[in-house]
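Written below as structure tokens is the structure these notes are about.
In this text, all values refer to a predicted model and were calculated from it rather than measured experimentally. Residue numbers run from 1 in the order of the sequence given. FYI, side chains are in, hydrogens and waters are out, and symmetry mates aren't considered; it's all heavy atoms of this structure. First listed ligand is number 1; within each ligand, the first listed atom is number 1.
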Amino acid sequence: MSTVHDVRTLTDPADRRAASDVFHGTLHRGPVSDEVWEAHGQAADEHWLGVYTADGEIVGSANSFPTRLTVPGGAGVAAAAVSGVGVRADSTRAGRLTALMRAQLSAVRDRGDTAAVLRASEAAIYGRYGYGVASRGDHVTVTARPGWRPDAPAAGTVRMLDRAEAAKVLPDLQDRLAAGRPGGMTRTARWWRRAIDPAGPAAGEYKAIAVHTGPDGDDGFAVWGVTEGDLPGGRDEIRIQQLWAGSPAATAGLWRFLTGIDLAAAVSAWSRPLDEDLDLMLTDLRAHRVTGRSDDLWLRIVDVAGALGARAWGAGDPVVLRLHDPLFDDAGTWRIGPDGVAPAGDTLPDLECGLESLGPAFLGDRTPSALARGGRWTEHTLGAAARADAVFAVPGPAPWCGTFF
Ligand SMILES: CC(=O)SCCNC(=O)CCNC(=O)[C@H](O)C(C)(C)COP(=O)(O)OP(=O)(O)OC[C@H]1O[C@@H](n2cnc3c(N)ncnc32)[C@H](O)[C@@H]1OP(=O)(O)O
């Protein structure tokens with residue numbers, strides 16, 4: 001018999017603060033200070049949930065902020081960016097997260113959002129709620145001052161900004177750049193305050209910011225800190241926190257700038273788009289090392305018709321895809337082709353999968369054939385996965401979120 005948990009929507013800042021304290025505890029962190037909470041703790045446009053014991057004590061939390069997520073073809077859909085998920089260690093494995101997820105996704109659906117997205121602390125948690133990895137990122141290290149090939153793209157200049165200037169320039173620039181890549185998402189004012197406000201949570205931290213300007217204006221930016229080396233002078237490692245570039249020249253320009261900064265041995269980044277292709281621009285391609293790869297954005301489609309209808313589709317014969325929702329009702333059977341998407345009623349499907357396995361193909365990170373080979377999609381009609389590959393393929397950048405939340 002499943003337990004009914006007391007999940008409440010939190011609007012009072014004091015309740016939200018209690019939820020925030022619980023969440024930080026689940027990350028093995030203490031509560032934030034009064035000052036940080038007042039300046040950065042929460043915002044009115046967010047949706048917060050808490051799960052309570054029978055004694056009225058909060059033991060779990062989940063929240064989300066509104067965003068627009070770019071899908072293949074360039075459209076943006078309304079999505080809930082989920083964060084702050086945690087259940088206190090003495091209350092786990094009793095179904096509280098499931099109760100929070102059910103309440104949160106119901107609210108997302110009632111608000112009319114198309115999807116929910118998140119960055120997962122652990123890969124085993126969210127598939128059961130219909131989330132799947134929709135983009136991945138490479139961990140990259142580039143040796144300082146690599147040789148650049150003479151034909152590497154180069155057009156533009158780089159200027160450094162202080163945090164106050166950056167607060168004016170970066171939000172619009174990032175919105176524009178994120179609209180050009182599937183998986184890109186808009187950020188809220190609170191997100192930016194937390195990331196770069198001189199008095200924000202990262203106040204004492206070294207953080208530097210630069211913008212790239214190309215022939216048509218600002219077209220990229222980077223935010224970085226350093227890992228200090230043992231010896232003064234020459235052994236620091238520049239750690240990219242954010243790097244968005246709207247063209248290959250902006251990518252090359254920003255990396256060229258960062259790898260040319262004095263007193264640094266290397267430049268590293270934790271998650272770069274899989275199509276950055278920086279190695280192609282270097283005389284010694286081994287100066288660029290991919291040291292790992294990890295999941296980037298997790299996507300959970302909530303409004304199937306809205307999501308499939310917003311995305312562009314490639315050429316090829318249509319396929320009939322049956323979808324299962326692991327949490328809610330049936331997600332329907334859909335005819336998908338170059339002319340768009342329509343409900344397919346009781347038509348026998350060519351292919352079948354759970355929503356958690358649609359996400360990887362939806363943004364273009366994986367092909368239907370790869371998902372079928374991995375056992376994630378079932379192919380009922382011979383050759384249907386290959387047909388779906390053509391329909392799901394849309395020219396454009398590889399999916400990548402580039403925002404941590
Ligand atoms: C978007 C973000 O904020 S990511 C941050 C997520 N938070 C954290 O990682 C903080 C530390 N962890 C926690 O707070 C908790 O362990 C949570 C939130 C991950 C899980 O909360 P719980 O209340 O224990 O989850 P719940 O009891 O509802 O579990 C549901 C199912 O998921 C499984 N599950 C839950 N957490 C995990 C996990 N970390 N690894 C593997 N399985 C898990 C449970 O075993 C259960 O499986 P079952 O249905 O087959 O029995």
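The part of E122 lying near ligand 1 is the side chain, judged by heavy-atom distances below 4.0 Å. Under 4.0 Å from ligand 1, the heavy atoms of R128 that appear belong solely to its side chain. For A62, no heavy-atom contact with ligand 1 is shorter than 4.0 Å. Residue contacts with ligand 1, taken as heavy atom pairs separated by less than 4.0 Å, involve S83 solely via the backbone atoms N, CA, C and O. Only the side chain of Y126 comes within contact range of ligand 1, with a heavy atom under 4.0 Å; no backbone atom does.
Between L243 and R272, the shortest heavy-atom distance links the atoms O-NH1, 3.0 Å. Considering all non-hydrogen atoms of both residues, V158 and G253 come closest at CG2-O, 3.9 Å. In terms of heavy-atom proximity, G127 sits nearest to E356 at O-CB, 3.7 Å.
Of the options V51, T26, V59, V22, the smallest heavy-atom separation from atom 10 (C) of ligand 1 is shown by T26. When the heavy-atom distances from atom 8 (C) of ligand 1 to S61, G84, S121 are ranked, the shortest goes to S121.
Checked by distance only, ligand 1 and L97 come closer than 3.5 Å through their nitrogen or oxygen atoms. Considering backbone and side-chain atoms alike, A94 places an N or O below 3.5 Å from some N or O of ligand 1. Where the criterion is an N or O separation shorter than 3.5 Å, residue side chain and backbone included, G86 fails it with respect to ligand 1. Residue L27 has no N or O atom closer than 3.5 Å to an N or O atom of ligand 1.
Those atoms of ligand 1 that come under 4.0 Å of a heavy atom in G95, given as number and element, are 26 (P), 27 (O), 28 (O). Heavy-atom proximity to V87, at under 4.0 Å, picks out these atoms of ligand 1: 13 (C), 14 (O), 18 (C), 21 (O), 23 (O). Listed by atom number, the atoms of ligand 1 under 4.0 Å from Y129 heavy atoms are 28 (O), 30 (C). Interface of V85 with ligand 1, defined as ligand atoms under 4.0 Å from a residue heavy atom, comprises 1 (C), 2 (C), 3 (O), 5 (C), 6 (C), 7 (N), 8 (C). Of all the atoms in ligand 1, the ones that sit under 4.0 Å from a non-hydrogen atom of A124 are 40 (N), 41 (C).
Using a cut-off of 4.0 Å between Lys/Arg side-chain N and Asp/Glu carboxylate O, R387 and D317 are scored as not salt-bridged.
In this structure the side chain of T251 reaches within 4.5 angstrom of the side chain of L278, judged on heavy atoms.
Of the options T92, T26, V22, a side-chain contact (heavy atoms from CB on, under 4.5 Å) to V87 is made by T92 and by none of the others. T186 pairs with exactly one of T67, T70, D175 by the side chain to side chain donor-acceptor pair (under 3.5 Å) rule, that one being T67.
No more than 12 heavy atoms of other residues, nucleotides or ligands lie within 6.0 Å of CD in E228, so this atom counts as exposed by the packing criterion.
Nearest protein heavy-atom neighbour of atom 16 (O) of ligand 1: R93 NH1, 3.0 Å.
By the definition of a contact as any protein heavy atom under 4.0 Å away, atom 12 (N) of ligand 1 is not in contact. Shown here, atom 3 (O) of ligand 1 is in close reach of the protein: a heavy atom of it lies under 4.0 Å off.
Between F221 and W192, the angle of the ring planes lies from 30° to 60°, which puts this pair in the tilted group.
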Please set out all donor-acceptor pairs under 3.5 angstrom arising from side-chain atoms of residues 390-405, sequence neighbours excluded.
| from | atom 1 | to | atom 2 | distance (Å) |
| --- | --- | --- | --- | --- |
| W400 | NE1 | S271 | O | 3.4 |
| T403 | OG1 | R187 | NE | 2.8 |
| T403 | OG1 | R187 | NH2 | 3.1 |

Evaluate the side-chain contact (heavy atoms from CB on, under 4.5 Å) criterion for residues D325 and R300: first the C-alpha distance (whole Å), next the side-chain angles of each, then the deciding distance (0.1 Å), finally the verdict.
-> CA-CA 10 Å; D325 189 325; R300 203 285 184 203; 2.6 Å; yes
